[in-house]
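Structure first, commentary second.
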Amino acid sequence: MQNTLNDLVGPIPIRLNPRMTTRHPPGTELRWPDSVPTLIDPERRVLLRAHRPADVPRVVEMCTDPEFVRWTTTPHPYRIADATSFINDFVPNEVDTGRSMIWAIEAIDTASAAAGGTAQFCGSVEIRLQDDGRGEIAFGLHPDARAQGLLRRAGRLALDWAFDVAGLQAVVWRAKVGNWGSRHAAAALGFRFEGVRRAEMNQRGELVDSWTATVLADDPRTSVAPPRQPTLHRDGVVLRPFQDRDVPRIVEACADPISQYWLAALPRDYSVEHAKGFVELGREGAAIFDQWIWCITTAGDPDAGPASDGRAAEPANQLGDQRFKGLVPDECLGAISIRGLADGSEAGELGYWTHPAARGRGLTSAAARVLADFALGETARTEVDTAGGNTEQTAAGVAEGMPDADPLLRSLMIRVAIGNPASQAVARRTGARLIGCFPQTEQLGDGTWTDLLAYTRVRGTG
């Protein structure tokens, strides 16, 4: 069996869709590795092929990667003998008994092909076959092949084979709860998220919760992923999604007595586990396009020294704004969110809290103005980083997957306790106007109840 890129398309290709070819007609009685059809999408520059012994070193690298170990059920520790057995014993047996179809993933490299070279192993994708017309997809990538869209392209080929050749009616995806990389890939492949199954997955002897999603044969094979939450920049203020490294600063902010007083919903014994849950809440909200939660940060103070992880500070702006004095770059200074993104009303609600180190600097007010302008499509030259790593200067705010100059919302509401003048000032500085009061609707940290003031900003009035 030839393995160079020059010889991947065989003499009798079967075209399953306008982009995909396979070397072997369905129903041909072959033994592994010839029983694995080579699937090629030249336009998207990806191919699926049978595994081969030369893949062993990179299979070991993939299966010993800490992130791979964290999220999969692969044995650990994983050795050369395990990879050799996987390729020489497990894969041939699964394929030739009809239980699964398992491919190695390669990215098509034109230069390598022209030189007669052999592309390297980038990962694996499997369709597990069941007798009732259902199947299950499983996939994984080598660390150096991630974040390039390769899994989405490979998964599309595997699903086309599952539906168009194997005749499956439904394919299920499962992943350990928290495996956001896999969940984003599944959504991009058209899998509809269905929920959490508790203690459903056995991960090396421990039962863990799993996510599940399904795509049907007659579903559109297009992405159902929501717009990706962007990172916003303006005048030294940076709003980005929360990350795991922010947990200690979240604990400091939410365990602070002032936060505990004004935000009665916060647990009284706020802990690291609560902060981790808050980060996951933001990721879940973004995944279902219910809410976006940003971490308020800055570009930093050039005199503040490096951040805790060693990153150097950068100038906040050309004027040496005193708001940034003593701050390190990208350190969590608060949270700000928009809820109500997907309910169809185009009316959202803005909320925020501030880390003690950032209070009195006007940073939360600046962040709230940046976000309100972006959400309503009225920003004055806000920089928007999309998931693709591009930075755009835009007058309306553009996120990946959203039409240019298309605002998120028509109006924004901010509700503030009547006795909290600092929070009221933030609301006013967004350009919102006081429209009324909700009597005795907010409980405070000491158990008493207070009135909520309602501020609203409508597109075109800010």
Side-chain angles (χ1 to χ4, degrees), residues 173 180 183-196 211-216 218-232 239-242 265 278 280-294 335-352 367-379 382 384 386-387 392 394-416 427 430-438 441-442 452-462:
W173 161 88
W180 287 101
R183 182 163 167 182
H184 290 319
L189 289 169
F191 283 86
R192 273 67 170 174
F193 183 71
E194 292 166 347
V196 176
W211 284 325
T212 184
T214 303
V215 62
L216 305 180
D218 55 359
D219 284 341
R221 295 178 202 173
T222 55
S223 174
V224 295
R228 187 66 65 89
Q229 181 179 352
T231 295
L232 308 177
L239 307 183
R240 60 162 173 80
F242 274 94
F278 176 74
E280 286 299 300
L281 176 69
R283 291 168 177 162
E284 181 67 31
I288 63 176
F289 200 47
D290 172 62
Q291 65 175 336
W292 280 346
I293 305 176
W294 283 267
I336 191 163
S337 66
I338 292 179
R339 293 184 293 176
L341 293 173
D343 63 8
S345 68
E346 295 189 19
E349 182 168 356
L350 190 148
Y352 41 81
R369 182 73 194 208
V370 169
L371 185 51
D373 288 350
F374 167 75
L376 298 172
E378 297 176 336
T379 183
T382 296
V384 181
T386 66
E392 303 172 359
T394 174
V398 180
E400 182 182 2
M402 301 176 67
D404 288 354
D406 225 20
L408 283 173
L409 301 169
R410 176 181 45 82
S411 67
L412 268 177
M413 175 178 284
I414 307 171
R415 293 183 293 175
V416 181
T430 66
R433 300 175 183 177
L434 180 64
I435 61 167
C437 178
F438 299 99
T441 52
E442 179 78 354
L452 278 181
L453 300 177
Y455 293 82
T456 297
R457 176 175 161 187
V458 177
R459 190 191 309 157
T461 64

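Everything numeric here is computed off the predicted structure, so don't read it as measured data. We count residues from 1, following the sequence as given.
- The shortest heavy-atom contact between Ala454 and Phe438 is CB-CE1, 3.5 Å.
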**Derivation and outcome, side chain to side chain contact (heavy atoms under 4.5 Å, CB included), residues Val416 and Glu442** = CA-CA 9 Å; Val416 181; Glu442 179 78 354; over 6 Å; no
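- In this structure, the side chain to side chain donor-acceptor pair (under 3.5 Å) partners of Arg183, at least two apart in sequence or on a different chain, are Glu284.
- Not a single salt bridge (charged side-chain N to carboxylate O under 4.0 Å, His left out) links Glu194 to another residue, sequence neighbours left out.
- You'll find the side chain of Pro241 reaches within 4.5 Å of the side chain of Thr231, heavy atoms only.
- With a 4.5 Å cut-off on side-chain heavy atoms, Leu412 and Thr430 do not count as touching.
- With sequence neighbours excluded, the residues forming a side chain to side chain contact (heavy atoms under 4.5 Å, CB included) with Asp219 are Arg192, Val215, Leu216, listed by chain and number.
- Note that the CG atom of Asp290 and the CD1 atom of Ile338 stand 12.0 Å from one another [nearest 0.5 Å].
- With sequence neighbours left out, the side chain to side chain contact (heavy atoms under 4.5 Å, CB included) criterion links Ala347 to Ser345, Arg410, Ser411.
- Looking at residues two or more places apart in sequence or on another chain, you find a ring pair (Phe, Tyr, Trp, His ring centres under 6.0 Å) between Phe242 and Phe278.
- The nearest pair of heavy atoms linking Pro226 to Phe289 is CB-CB, 3.7 Å.
- Arg457 is listed as a side-chain neighbour of Asp373, based on a closest heavy-atom distance under 4.5 Å.
- Considering only residues two or more places apart in sequence or on other chains, Trp173 meets the side chain to side chain donor-acceptor pair (under 3.5 Å) condition with Ser182.
- Under the 4.5 Å side-chain criterion, counting only non-hydrogen atoms from C-beta, Trp180 is in contact with Trp211.
- For residues 338-351, the pairs satisfying salt bridge (charged side-chain N to carboxylate O under 4.0 Å, His left out) are Arg339-Glu349, Glu346-Arg459, Glu349-Arg415, with sequence neighbours left out.
- Take Tyr455 and apply the side chain to side chain donor-acceptor pair (under 3.5 Å) test, not counting sequence neighbours, and it matches no residue.
- The side-chain contact (heavy atoms from CB on, under 4.5 Å) test with Thr456 singles out one residue from Leu434, Ile435, Ile414, and that residue is Ile435.
- A heavy-atom distance below 4.5 Å is found between the side chains of Pro227 and Trp292.
- Rounded to the nearest 0.5 Å, atoms CD1 (Ile293) and CG (Leu239) are 13.0 Å apart.
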